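Below: the structure, in structure tokens.
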Amino acid sequence: MKRRNFIIGSLSLVGISSIKGFAKSSLNSLSNKIEETKMNNGTFSLPPLPYPYDALEPYIDKWTMELHHTKHHQAYVNNLNKAIEGTELAGKTLEELIGMASKVPAAVRNNGGGHWNHTFFWNIMKPNGGGFPSGELADAINSTFGSFENFKKAFTDSALGRFGSGWAWLIMSNGKLVVASTPNQDNPLMDVAEVKGIPILGIDVWEHAYYLKYQNRRNEYVENWWNVVNWDEVSRLFKQNK
Ligand code: MN
């Protein structure tokens, strides 16, 4: 039985930190969501997708979303649990585990990163998304990159330039917006990351994220993906971590 099933699936988890008494976390509601979806025995579990599998059509197809969530993400969760079971790492939060990526077995780094990255990814997308950021986030993007189009190009270049499997990110790094990318299931929260910071936007550029619909055309996938970005959530993350 899961703890707090009633809140899962809600995109608006503001306030849970005060209910549960968590210390203010760099990751705020996302971290809390991951910890709240733990099973009663302390093992990690797969958070439900916050929208139906076909909700991001036609940009991301239903079959890709279903496999990505129920097979790939589920496998990261299962393998993370296996990797920490019976060790001193069991009981640590996911944020703690990935923050010490250099000191944990590769299976914890890879699958812990996989669990965090995918939980994040589902939440920064939504049906009828896309468009443009507004308010403070728009101002920060304009002052950092010169324009939204320049930012989009920098982020897209980062996503297309990542050789093999990995992620491209927009992060808050020492109070500044920075575009970065990581290999495999690493992320900028890891102590091993070349560029460290707090993700506020990210795209999965593993082939499993797009191959069924786009085959080798990563560029088309990235271009279409902008239509499903959840700028409300990105703005919220920006405000909480600036
Ligand atoms: Mn993936």
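Counting starts at 1 for both ligands and their atoms, in listed order. Please read these numbers as outputs of a predicted model, since none were measured by experiment.
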>> Could you enumerate the protein N, O or S atoms under 2.8 Å from the Mn ion (ligand 1), written like residue then atom name?
In response: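 The answer, once waters are left aside, is His68 NE2, His118 NE2, Asp204 OD2, His208 NE2.
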> Where do Pro127 and Leu56 come nearest, in terms of heavy atoms and distance?
Replying inline: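 Shortest heavy-atom separation between Pro127 and Leu56 comes out as N-CD2, 3.6 Å.
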> Is the NZ or CZ atom of Lys38 positioned over Phe44's six-membered ring, under 6.0 angstrom from the centre and within 45° of the axis?
Replying inline: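 Judged by the rule, Lys38 and Phe44 form a cation-pi pair.
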> Any donor-acceptor pair under 3.5 Å linking the side chain of Asn184 with the backbone of Asp186?
Replying inline: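 Not a single qualifying donor-acceptor pair exists.
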>> Tell me whether Asn230 contacts the main-chain N or O of Glu233 through its side chain, where contact means a donor paired with an acceptor under 3.5 Å.
In response: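 Yes, Asn230 side chain to Glu233 backbone: donor-acceptor pair under 3.5 Å.
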> Strictly under 6.0 Å, is that where the ring centroids of His118 and His68 end up?
Replying inline: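 Ring centroids of His118 and His68 are less than 6.0 Å from each other.
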> With sequence neighbours excluded, what pairs up with Phe155 under the ring pair (Phe, Tyr, Trp, His ring centres under 6.0 Å) test?
Replying inline: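 Per chain and number, Phe155 pairs via ring pair (Phe, Tyr, Trp, His ring centres under 6.0 Å) with Phe151, Trp225, Trp226.
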